Amino acid sequence: MNLFQVHAQDISLYQQYNGRINYTAIGNTLNEFENNILQDFCETLASSSAELNTPETANIIAAYLYWAGSGEGDLEVSLNNNNITAEETYTVDYHDPQQGTLTYFSCFADITEIVSNLGNTNYTLSDLDISETLATNPGYCSNRTNFAGWSIYVIYEDESLPINQVSLFQGLEIINRVVQEKTIVIDNLNVLDNDGAKIGFLAWEGDSDLNYGETLQINGNIISNPPLNPADNAFNGTNTFTNSSTFYNGDLDVYDIQNNIAIGDTSVEIKLTTGATDDFGVFRADLIILNNIITVLNSQLPDATIVIDEVYIPCYSRDIEVDYSVFNLNSTEILPANTPIAFYANNELIGQSNTQFDIAIDDFETGSILLNIPNNIPDNFTLSVVVDDTGNGNGILIELNETNNTTTENIQLIPIPDITPLAPLLSCDIGFNTATFNLSSQLNFIEYEDINNIQFYPDLEDLLINENQILILENYQSTSNAQTIYISQQTETCPKIFQFKLLTENCPPIIPQGFSPNNDGVNDWFNIQGLYDIFEKHELQIYNRYGTLIFVGNNNLKWEGKANRGLNNKDKILPVGTYFYVLNLNDPKYKIMTGWVYLNR
């Protein structure tokens, strides 16, 4: 089982820390002298030590061990009798025209637990063995590039510090007589205040005696720290933290760069050079292997991120409820209240919200919103939630990281299923195309176990929003002819839906044999039941026993025993007797109805 990974050498961001943060570094060489100047040795030391001294008030956040040397790599070492196995390994090749290809390595391991437990003490690295590499390939020693060394980076927090952003970049990049210049651009920075800005390096194989055009440039400016690091010999076996010039073939240096970086910068350009002609006209260059870069910048900014906690998708609805959380992690300032949040369905804005309170560093806030999904959006769509977005892709904040504001989730709405039709119910019109029905009779055609799981609704919209349920089923009066009733049957998932129509028909009217228009409040008019407001276009004709037409009525004019035809009898109560009626319903289903009616007093 492999416990390490071999990586390309490009230096890139490994981790960022924000808060009242700083770092320190220790380390030592395993070269007894500067790399083989006299070519009189070709071995490295068995161990070396360095003392860690962090402030008493410091709290260790992270600690990383780097070890490097000639060859493909020794992946297991010891630190204070703790066995350490490389978690990542970087390699680079140097193609020497005389010695062939020479490989160099650097290993990395997280030792936070070890350093947190041991604290400030003397650290000894041992068992870094490259003897077999040097023995089997004499090119390292003859080329004077036989080296080994180590370093520990410690990231710590201290309440006495200003709020900083510490960015650690690592990899392995090389310059030499063949590749005499290397430019590295480090991104993911945000300079709010350049006061106290600094940059540190861990590099290998620098030699103090080889100062041939060897420069370190930040944003086009050569930087130096004399006398330890002169401008023309930046990598020369020094340790800035201990003010030592005996870190043979290694450099553990840090520089102030507040004059080389500007407020608002989001990246830094680092340029390394080597190679020059000596006094005898011979071109010479130093071999330099850059292992990591670390920056410390005062950068008090929030960093808004958002996650979708839960999406509630109701049955047969285009309204969804979204629960979300807004975080202010990896930040150096509070995230202010009223930070905007935008909600998109397939990139179409469908809702907006904002944070309610100031969110402290490393804290979060929850929220919820009800969103209506427009009909032009398909049932399956991508929901995107973006914090610090005013709804047009623009934000109102400057953040440490402007690329982590969005979260997405695929959403599948639940469409209305096929509705099961039931046979219609038919009843006689009681007026204005309405009738009464026993809706419960439709339960005979539905399989169910619990009647409480079945509800009736006057329309589909009411069913979907669970409103206006029909509670009395046995004597329900319809609102129109061919009204549709919907039934919801609850299941473990979404309800089944049934529908049926309520149909009204004109049943034959019931014609009385007589009436008595004497104003006693009983039977005072010719009340043909099932006629008025049902056969609304009917015509009623009344004739006397001589065949004379004495009354013509319709839906709005009832016969109350008076004549409305003829000069002598008009608007008078007619005498007692038998009268002949002709009732034309004007309905193609029915013939003209005729008969006799007795008018009494």
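Keep in mind it's a predicted model, so treat the numbers as computed, not measured.
Residues Ile414 and Gln412 fail the side-chain proximity criterion, which asks for heavy atoms closer than 4.5 Å. Contact of the Ile61 side chain with the Tyr17 side chain is registered, since non-hydrogen atoms from C-beta on lie closer than 4.5 Å. You'll find the side chain of Leu335 reaches within 4.5 Å of the side chain of Leu397, heavy atoms only. Between Lys496 and Thr420, every side-chain heavy-atom pair lies at or beyond the 4.5 Å cut-off. Side-chain contact between Gln513 and Tyr598 is absent, with no heavy atoms from C-beta onward closer than 4.5 Å. Between Pro458 and Ile470 there is a side-chain heavy-atom pair separated by less than 4.5 Å. Residues Ile341 and Val386 have side chains not in contact (no heavy-atom distance under 4.5 Å, counting atoms from C-beta outward). Counting heavy atoms from C-beta on, the side chains of Ile294 and Val166 come closer than 4.5 Å.
For Lys558, the NZ atom sits in a packed shell: over 12 heavy atoms of surrounding residues, nucleotides or ligands are nearer than 6.0 Å. The neighbour count for Glu113 CD, taken as heavy atoms of other residues, nucleotides or ligands under 6.0 Å away, does not exceed 12. Around the CG atom of Asp520, the shell of radius 6.0 Å holds more than 12 heavy atoms that belong to other residues, nucleotides or ligands. Atom CG of Asn376 is surrounded by more than 12 heavy atoms from other residues, nucleotides or ligands within 6.0 Å. More than 12 heavy atoms of other shown residues, nucleotides or ligands fall within 6.0 angstrom of atom CG in Leu370. Other residues, nucleotides and ligands contribute at most 12 non-hydrogen atoms within 6.0 Å of the CZ atom of Phe357. Annotation: Lys589, atom NZ; neighbour count of heavy atoms from other residues, nucleotides and ligands within 6.0 Å is above 12. In this structure, Arg601 places its CZ atom where more than 12 heavy-atom neighbours from other residues, nucleotides or ligands lie under 6.0 Å away.
The one candidate from Asp319, Leu383, Ile411 that meets the side chain to side chain contact (heavy atoms under 4.5 Å, CB included) condition with Leu371 is Leu383. The one candidate from Asp158, Leu161, Ile155, Val154 that meets the side chain to side chain contact (heavy atoms under 4.5 Å, CB included) condition with Asn22 is Leu161. When each of Tyr14, Tyr64, Tyr23 is checked for a ring pair (Phe, Tyr, Trp, His ring centres under 6.0 Å) with Tyr153, only Tyr23 meets the rule.
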Using the side chain to side chain contact (heavy atoms under 4.5 Å, CB included) rule, take Leu413 and Ile373 through it: C-alpha gap first, then chi angles, then the decisive distance, then the call. CA-CA 9 Å; Leu413 298 179; Ile373 311 305; 4.2 Å; yes
Take Val307 and Val385, measure what side chain to side chain contact (heavy atoms under 4.5 Å, CB included) needs, and give me the verdict at the end. CA-CA 8 Å; Val307 298; Val385 185; over 6 Å; no
Tyr590 and Phe535: CA distance, side-chain angles, deciding distance, ring-ring contact (aromatic ring centres under 6.0 Å, His included) verdict: CA-CA 11 Å; Tyr590 297 97; Phe535 295 92; 5.6 Å; yes
Would you check, one step at a time, whether the test side-chain hydrogen bond (donor to acceptor under 3.5 Å, both in side chains) holds for Asp571 with Asn564? CA-CA 6 Å; Asp571 294 329; Asn564 63 4; over 6 Å; no
Side chain to side chain contact (heavy atoms under 4.5 Å, CB included) evaluation trace for Leu531 with Ile511: CA-CA 9 Å; Leu531 173 65; Ile511 302 176; over 6 Å; no
Check step by step if side-chain hydrogen bond (donor to acceptor under 3.5 Å, both in side chains) holds for Asn527 and Tyr532. CA-CA 9 Å; Asn527 185 7; Tyr532 294 96; over 6 Å; no
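A donor-acceptor pair shorter than 3.5 Å cannot be found between the side chains of Asn433 and Asn481. With no hydrogens or angles considered, a side-chain donor-acceptor pair links Ser368 and Asp323 at under 3.5 Å. Residues Asn405 and Asp388 have side chains that never bring a donor and an acceptor to within less than 3.5 angstrom of each other. A donor and an acceptor atom, one from each side chain of Asp10 and Ser12, are nowhere located under 3.5 Å apart. Between Ser331 and Asn328, the side chains place a donor N or O and an acceptor N or O closer than 3.5 Å (distance only, hydrogens not considered). Defined by atom type and a distance below 3.5 Å, a donor-acceptor pair is present between the side-chain atoms of Asp450 and Asn452. At a cut-off of 3.5 Å, with distance as the only test, a side-chain donor of Tyr344 or Asp389 sits close to an acceptor on the other residue. Checked by atom type, the side-chain pair Gln541/Glu539 shows a donor-acceptor distance below 3.5 Å. Donor-acceptor pairing under 3.5 Å is recorded for the side chains of Tyr90 and Glu88. Side-chain atoms of Asn555 and Glu536 include no donor-acceptor pair closer than 3.5 Å.
Between the side chain of Asp429 and the main chain of Thr504, no donor-acceptor pair closer than 3.5 Å is present. Not a single donor-acceptor pair under 3.5 Å links the side chain of Thr89 to the backbone N or O of Cys107. The backbone N or O of Glu399 sits less than 3.5 Å from a side-chain atom of Glu402, completing a donor-acceptor pair. Using modelled atom types, no side-chain atom of Ser317 and backbone atom of Pro314 make a donor-acceptor pair closer than 3.5 Å. For Asn586 (side chain) and Lys537 (main-chain N/O), a donor-acceptor pair under 3.5 Å exists by modelled atom type. With hydrogens and angles disregarded, no donor-acceptor distance shorter than 3.5 Å links the side chain of Gln499 to the backbone of Leu422. In this structure a side-chain-to-backbone donor-acceptor pair under 3.5 Å is present from Asp110 to Thr112. A donor-acceptor contact shorter than 3.5 Å is absent between the side chain of Asn117 and the backbone of Ile114. Checked by atom type and distance alone, the side chain of Asn466 never pairs as donor or acceptor with a backbone atom of Leu463 at under 3.5 Å.
Atom CD1 of residue Ile534 and atom CG of residue Asn506 lie 7.0 Å apart, to the nearest 0.5 angstrom.
With sequence neighbours left out, Gln483 forms a side-chain hydrogen bond (donor to acceptor under 3.5 Å, both in side chains) with Tyr476, Thr479. Scanning for ring-ring contact (aromatic ring centres under 6.0 Å, His included) contacts around Tyr543 gives an empty result, with sequence neighbours left out. For Tyr324, the ring-ring contact (aromatic ring centres under 6.0 Å, His included) partners at least two apart in sequence or on another chain are Phe343.
Using the six-membered ring where Trp is involved, Tyr581 and Phe526 have ring planes that are tilted, between 30° and 60° apart.
Sequence neighbours left out, not one pair with a member in residues 352-403 passes disulfide (SG to SG under 2.5 Å). The ring pair (Phe, Tyr, Trp, His ring centres under 6.0 Å) contacts involving residues 360-413 comprise Phe327-Phe364, where partners must be two or more places apart or lie in separate chains. Sorted by first and then second residue, the salt bridge (Lys or Arg N to Asp or Glu O under 4.0 Å) pairs with a member in residues 364-386 read Arg318-Asp379; sequence neighbours excluded.
Separation of the Phe515 and Trp559 ring centroids falls under the 6.0 Å cut-off.
Between Arg20 and Glu157 there is no salt bridge, since no side-chain nitrogen of the basic residue lies less than 4.0 Å from a carboxylate oxygen of the acidic one.
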